[in-house]
Chemist: 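Right, I'll just put the structure down here and ask away after.
Every chain is numbered from 1 and lettered A, B, ... according to where its sequence line falls, protein lines coming before strand lines. The structure displayed is predicted, hence computed values, not measured ones.
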Number of protein chains: 2
Amino acid sequence: MSTPTVYDVAERSGVSIATVSRVYRNPDSVRAQTRDKVLHAARELGYFPSGNARGLASRTTGVLGLCFPDYADPDAEADGADGDDSAVMLYSDQIIRGMERAARRHGYALLIAASLEGGPQTLVEQVAGRVDGFAVLARTIPTEDLEIISRRLPVVMLAGPREIDHLDHIEVANFDGERELTRHLIADHGLRRLAFVGGEIDSPDAEARFGGFRAACQEADLPVPDEPTIRASMMTQAEGARAAEALLDRGGAHPQGVLFANDQMAVGALHALESRGVRVPRDIAVTGFDGIPLSRIVRPALTTVRQPMRRLGEEAVDLLVRRLGDRSREPVSLMLPVSVTRRASCGCVGEARQL
Amino acid sequence: MSTPTVYDVAERSGVSIATVSRVYRNPDSVRAQTRDKVLHAARELGYFPSGNARGLASRTTGVLGLCFPDYADPDAEADGADGDDSAVMLYSDQIIRGMERAARRHGYALLIAASLEGGPQTLVEQVAGRVDGFAVLARTIPTEDLEIISRRLPVVMLAGPREIDHLDHIEVANFDGERELTRHLIADHGLRRLAFVGGEIDSPDAEARFGGFRAACQEADLPVPDEPTIRASMMTQAEGARAAEALLDRGGAHPQGVLFANDQMAVGALHALESRGVRVPRDIAVTGFDGIPLSRIVRPALTTVRQPMRRLGEEAVDLLVRRLGDRSREPVSLMLPVSVTRRASCGCVGEARQL
DNA sequence: CTGAAAGCGCTAACAG
DNA sequence: CTGTTAGCGCTTTCAG
């Protein structure tokens, strides 16, 4: 047969299948001589163990998973300074990297899967049934499904609010970060007419950031809006540009500073403002949120709040591994700190200069 | 029991296990009413199929794999303009991204695993037994093992020479790229005293690049060295810096241009040269190879040859999928084109300016 | 230290 | 359209 099994190896080496199994699982539990015999036969046959059969029999896979949304901002994919797609590292890439490193340290491999348009059902089946535990980015898998899956294996939720309170959960300090950024604009740059461009109402991150914005406004006795000045539907560059136009086109004095709920939109706005002859930061200060690599490359470089995405991935793995070790641990909810990165677009670093 | 199976669902919904299986595998083959009954019972029970059992029974996993070496250049990990590790996208990240996108398109998930210090045995077992096919970066898994594994499932080798000729293989045009780059230095910048800093002798990429360098020298009637001017042992920034120092410290006029076998070393050299007061490109032209994002960020921006790593990943998946569809296809060997990216470090773009 | 026997949970022909 | 019957290849007690 083209796929040798333990039986073939056992027969050829004159031992039982149990011994063959032991040789691969716990070599020291077999006498050296027997082991060599088995290994030799295995080599000759071209045998190697089936992960599936192993997983089925032992109920563990040695694999951790990551599910993330099919968040493909076409802009993000295409952009990058000299048309070099490879330059732009996306969120998912960073989380993947963080998880991969951490998983490797713990001896696990990483299975990654993005939700396909077709619905998450497939996704769930693809990963949930093949891993020992996995991390999910917010809004990737319906809460209902997670509820079920998490009864069987460890799940840690990444970003977004904690939808299921008995699950481990990691988020970043959206509120605090935006509040600090807003304070900076108000206190250090003396801006008072600020606008906030938010995202979809069901984006918890964007909402939390808006909350931070409001808090800073309140502290400074500025008007506290109930709603973002503008709500973008997609948080893409195109939407950011559109929002900037809209801001310019409304009557009255335009705002002195615009805080975008993410970097993508802010970058789009930068382009739009430039083409409208509005100078940043001289005429308007612009800020983003996320700290994507592109934020540093654009001109003026974008002042933003940097999220530790890579660490998010590492912490996720640590949490999974820890829970795998003790299923009855108390669920935890981590809040990862963010840091305001001051660059040119708010007026902190020199004058805006073209690349 | 805490993990419901097809049996539980079958019993609860009053059908056979075969029907339950069908509902998940091919819903249309079951009458709507029956299907709903099954789905309903499954929900109540919190059932979802076991990937392992499925894989074992059907001999397919819906997962493709990627094995890459534990190539962790500490410099690469740490660098990035403002100490922001997340900015630097590594090779592996780009290949992963390419593979992930392509795999998703074909309905596959991606299993990634880096060879741990401990030896590749673990690696092989971790992925080989759990995927329908996988890609391997050169020098990750011993040829001998690949030979065995590839008897059972599709394997495509990435980068490096084609070690096993009946396997699909993808490489990039190292020779051509370096030759073109060298020609540029010679023809367009009029340089004649060139040095080449190579890598370990067993790095096929570095050797191929050296070959391209030699070819261009020969064409131009310049001396054709048998060996790289200097061989670095690690191809890291530190080694690149060391090589630059060495070049400066040897007697005689220093070279007019130095071609490094990769960007990492070139970047390290840039730093070293700067601290020695040697101006690039005025005093010495410097070039790299790879086109890593960092190459664009350093000052002077590095002239290099850009490799399409992301496409490498995509092509790998396409090849795997194609072979999965027809095991008896002729094995192919693709050569992906590279492109010379002219920037400041060779003298093409303005004068070197400090960041 | 090694063997025998009993599944792990699902898919895959065949029958109906 | 649905049920029956065998395994898929390995791990695991439990004996020896």
Chemist: Can you identify which nucleotide, out of D/dG9, C/dT11, D/dT4, has its nearest atom closest to the A/T3 side chain?
Modeler: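 Nucleotide nearest to A/T3's side chain: D/dG9.
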
Chemist: Could B/D202 and B/R139 be called an ion pair, given the rule that one side-chain N must be under 4.0 Å from one carboxylate O?
Modeler: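 Yes, B/D202 and B/R139 are salt-bridged.
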
Chemist: Strictly under 3.5 Å: I want the nitrogen or oxygen pairs between protein and nucleotides 6-8 of chain C, one per line.
Modeler:
{"unit_1": "C/dC8", "atom_1": "O3'", "unit_2": "A/R59", "atom_2": "NH2", "d": "3.1"}
{"unit_1": "C/dC8", "atom_1": "O2", "unit_2": "A/A57", "atom_2": "N", "d": "3.3"}

Chemist: Taking any heavy-atom pair under 4.0 Å as a contact, classify A/S50: base, sugar-phosphate, or nothing.
Modeler: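 Sugar-phosphate contact only.
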
Chemist: Does D/dT4 have OP1 or OP2 under 4.0 Å away from a side-chain N or O of B/S16?
Modeler: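 Result: no.
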
Chemist: Does A/R310 come within less than 4.0 Å of A/D93, counting only side-chain N to carboxylate O?
Modeler: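 Salt bridge between A/R310 and A/D93, a charged N being under 4.0 Å from a carboxylate O: no.
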
Chemist: Starting from P on C/dT2, measure out to CZ on A/R35 and report it in whole angstrom.
Modeler: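 Between P of C/dT2 and CZ of A/R35: 10 Å.
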
Chemist: Under a 4.0 Å N-O cut-off, is there an ion pair linking B/R151 with B/E147?
Modeler: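 Between B/E147 and B/R151 there is no salt bridge, as every charged N stays at least 4.0 Å from the carboxylate O atoms.
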
Chemist: Taking atom P of C/dC10 as reference, at what distance in whole Å does atom CZ of B/R22 sit?
Modeler: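 My rounded result for the distance is 15 Å.
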
Chemist: Under 3.5 Å, is there a donor-acceptor pair between the B/S203 and B/D205 side chains?
Modeler: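 Side-chain D/A pair, B/S203 to B/D205: absent.
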
Chemist: Kindly write out the residues that satisfy salt bridge (charged side-chain N to carboxylate O under 4.0 Å, His left out) with B/R54, not counting sequence neighbours, or none if the list is empty.
Modeler: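 Only A/E125 meet the salt bridge (charged side-chain N to carboxylate O under 4.0 Å, His left out) criterion with B/R54.
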
Chemist: Of the listed nucleotides (C/dT11, C/dT2, D/dT12), which one gets closest to any side-chain atom of A/S21?
Modeler: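 Side chain of A/S21 sits closest to D/dT12.
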
Chemist: Taking the side chain of A/R54 as its heavy atoms from C-beta onward, which of D/dG3, D/dT11, C/dG3 lies nearest to it?
Modeler: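 The closest nucleotide is D/dT11.
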
Chemist: So, A/D36 and A/R31, do they make that salt bridge, N to O below 4.0 Å?
Modeler: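 Salt bridge between A/D36 and A/R31, a charged N being under 4.0 Å from a carboxylate O: no.
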
Chemist: When you check the phosphate oxygens OP1 and OP2 of D/dC10, does a side-chain N or O of A/R25 lie under 4.0 Å from one of them?
Modeler: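 For D/dC10, OP1/OP2 do not have a side-chain N/O of A/R25 under 4.0 Å.
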
Chemist: Rounded to whole Å, how long is the line connecting atom CG of A/D8 with atom P of D/dC8?
Modeler: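 Atom CG in A/D8 sits about 11 Å away from atom P in D/dC8.
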
Chemist: Within the structure shown, what part of the strands sits under 4.0 Å from A/V20 by heavy-atom distance: base, sugar-phosphate, or nothing?
Modeler: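 No contact at all - A/V20 keeps every heavy atom at 4.0 Å or more from the nucleic acid.
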
